[in-house]
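Per chain, numbering begins at 1; letters A, B, ... match sequence-line order.
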Amino acid sequence: MLAALTKKEKDWVDQVIREDEIEKYMIGGRDFIDDEEIWEKIRLNTRPDKSRIREIIAKSMSITLLDPDETAALLNVEDPELWQEMFAAAAEVKRKVYDNRIVTFAPLYGGDLCVNNCLYCGFRRENTVIKRRVLTLEELRRETEVLAGEIGHKRIILVYGEHPATDARFIADAIRAIYDVKVKTKKGYGQIRRVNVNIAPLSVDDLRLLREVGIGTYQVFQETYHHDTYRRLHPAGTLKSHYQWRLYCHHRALEAGVDDVALGALFGLYDWRFEVMGLLYHARDLERQFGIGPHTISFPRLEPAANTPFIQESRYKVSDEDFKKLIAVIRLSVPYTGMILTARESARMRRETIPIGITQTDASTKIGIGAYADRYTEQESERQQFLLGDTRSLDEVIRELAQMGYITSFCTAGYRCGRTGDRIMTLLKTGKEAVFCKLNAVLTFREWLDDFASPETKREGEKVIEKEMAEIRERMPENVYLKLLEYYDRIKDGERDLYF
Amino acid sequence: MAAEVKAEFGARMWLVEVMGKRHSYVAGDRDDSFLPPQVVGLNERYALVSGDWEKIPEKRKRDIIESLRAILIRQ
């Protein structure tokens, strides 16, 4: 039995969904996820032979979106040696599109009020053990000061539940407040340069509001693409129970001119192979209708949450072995997309999966409301949506990435100079974005090492920069290399935010 | 216009819509020269971006900017 909404909440809920902003994208009154068709593709592509899989890998290597039969074939591979080939190919695809950089970010939870009651979510309305709170703009500024001024993040993802107290107007104010924070650091200044959002599906008008304040990426996870499972997990009568309103929110974002959109599924709600197919169909429909695919794809696994027994009871929980497989198949299926692995995963899993094709990860992560400024060190389940698997500091994660041969990037250049939408898609698909990734990784890593690194991490970081500079000198035209050297020296002298 | 400039001077340029920090691609060259992008504001809403400004003669550059500004005023 759902706890009753207040009149204000009910009035707000009643005006959110606009059917005309769903139907216009549908074909023949149907959405693009045909559950039967997906299962049939998976069934028809069992026991694929090696030569076919290698042909599919070759297609991925040409940075071309796979078709559903091809992805279904990859999902059906059983030969362990062939899986090893696929893991290696996934790593190669990532290197081709993004080089060896890993972008880091932090989530910033701004509020946990929610009108929904999703069975798997710690923030669900009926979960009475959760302490409810929405940060004021001043509290958001304090969180930002810690993130940008003490830890050194340049990119955050702002997270809110679905509630009238945190509607699009409020979120727009929150984004402005975060962008306004500028903090003095050891040699320069710290600032959040890209605010991505993970929020509820919005109307085109509300998305235009967020666009006006300069949002980075609009991220919404479908949770599960399986219609019946979606229906069971999102109780009827709740706002989130409308499958298509959620499914088409990225379409609305693109229509509103928010041209960086991010997909995701919560793995563990339904069969992982089906969800991978759902993500592919989603990417294909965005490309078909707008010519712009997902900027990133996320694939979080269910993690324990306070007073949320569904999580322990789910029969679809994804094993570590299958988790690695799904990462490789997503990487090969949507080769140009960014792939986000979060601190939900343990340090060990992050070490093992980053080489498969990850492009972004978070660190120094705190997901309690107000947790960065409060500086609490232990996780507190009653103020978190779920429990994290890896609470290591950004400094520790960066040091480890450097030892693994990766350069950490704080680059936010693309969306500030028109490398967005179909232009970024072109650059990604032709492998040209990788050049920017490397150049901007060097510059932003230099900034971070000088402002925030421990002596030990700085030593490891310097080794990486030296290697990267040598590579750039060899591969890039002389005028580009000389410009990089000029910017690099200026950053060492305390200038900030120079980019290619 | 971007195609003409590219053919004549080998310079790549593209038009963006400016919304706070976000500069969204609107039209123009999709390729890049890998040099730092320099943004020239056309009005409060739009800007022209290129990493190749030095390849374009100063007078031609002024003409391009002025003609785009005139188009934007008319709209």
Side-chain angles (χ1 to χ4, degrees), chain A residues 172 175-176 178-180 191-195 208-217 256-260 292 412-427 429-430 432-436 438-440 443 472 475-477 479-484 486-487 497-500, chain B residues 1-58 60-62 64-69 71-72 75:
Chain A
I175 293 171
R176 275 195 211 95
I178 292 165
Y179 276 141
D180 282 347
Q191 199 168 24
I192 296 299
R193 298 173 184 162
R194 179 170 181 141
V195 178
R208 287 197 179 112
L209 254 181
L210 298 191
R211 179 176 183 256
E212 287 301 310
V213 296
I215 72 164
T217 306
V258 178
D259 46 7
D260 293 321
I292 299 172
T412 55
Y415 98 118
R416 294 187 289 151
C417 61
R419 289 202 295 272
T420 64
D422 54 353
R423 186 160 189 272
I424 186 80
M425 287 290 139
T426 304
L427 293 168
K429 289 173 185 175
T430 53
K432 292 188 174 170
E433 184 62 14
V435 175
F436 293 109
K438 200 180 246 331
L439 296 168
N440 288 321
L443 295 176
I472 292 168
R475 279 171 44 184
M476 293 299 296
N479 61 339
V480 175
Y481 177 67
L482 291 175
K483 198 72 195 175
L484 175 72
E486 180 205 320
Y487 274 15
D497 208 13
L498 301 171
Y499 56 86
F500 281 79
Chain B
M1 189 180 281
E4 277 174 27
V5 169
K6 189 175 184 179
E8 203 174 344
F9 306 107
R12 299 175 171 92
M13 58 169 53
W14 56 96
L15 185 70
V16 295
E17 191 175 1
V18 181
M19 293 141 293
K21 284 192 193 294
R22 168 173 277 273
H23 288 40
S24 273
Y25 172 77
V26 177
D29 212 309
R30 285 190 170 79
D31 205 349
D32 214 296
S33 58
F34 305 123
L35 286 166
Q38 305 296 323
V39 180
V40 176
L42 298 172
N43 62 14
E44 284 179 355
R45 192 72 189 178
Y46 292 96
L48 199 56
V49 187
S50 178
D52 300 324
W53 285 117
E54 78 284 358
K55 290 183 181 173
I56 308 171
E58 200 54 39
R60 185 64 195 278
K61 184 178 155 184
R62 276 199 306 273
I64 292 166
I65 292 166
E66 287 316 310
S67 63
L68 282 171
R69 281 181 178 152
I71 291 168
L72 291 169
Q75 288 180 337

Of the backbone (N, CA, C, O) and the side chain (C-beta and beyond), which part of [X] lies under 4.5 Å from a heavy atom of chain B, both, or neither?
X	answer
A:Val213	backbone
A:Ile175	neither
A:Leu443	neither
A:Asn479	both

Might you point out which heavy atoms bring B:Tyr25 and A:Thr420 nearest each other, and give the distance in Å? N-OG1, 2.9 Å

Of the non-hydrogen atoms in B:Val49 and A:Cys417, which two are nearest, and what is the gap between them? CG1-O, 4.0 Å

Hey, what do you get for CZ (A:Arg416) to NE2 (B:His23), rounding to the nearest 0.5 Å? 9.0 Å

Chain A contact residues among residues 29-41 of chain B, heavy-atom distance under 4.5 Å: B:Asp29, B:Arg30, B:Asp31, B:Asp32, B:Ser33, B:Phe34, B:Leu35, B:Pro36, B:Pro37, B:Gln38

Residue among A:Met476, A:Arg211, A:Lys432 with most heavy-atom pairs under 4.5 Å to chain B: A:Arg211

Using a cut-off of under 4.5 Å for heavy-atom pairs, which of A:Gly418, A:Gly214, A:Gly216 has the most such pairs with chain B? A:Gly418

Taking B:Trp14 for the side chain and A:Arg419 for the main chain, is one N or O donor matched with an acceptor at less than 3.5 Å? no

Strictly distance-based, threshold 3.5 Å: is any side-chain N or O of B:Arg22 a donor or acceptor partner for the main-chain N or O of A:Ile215? yes

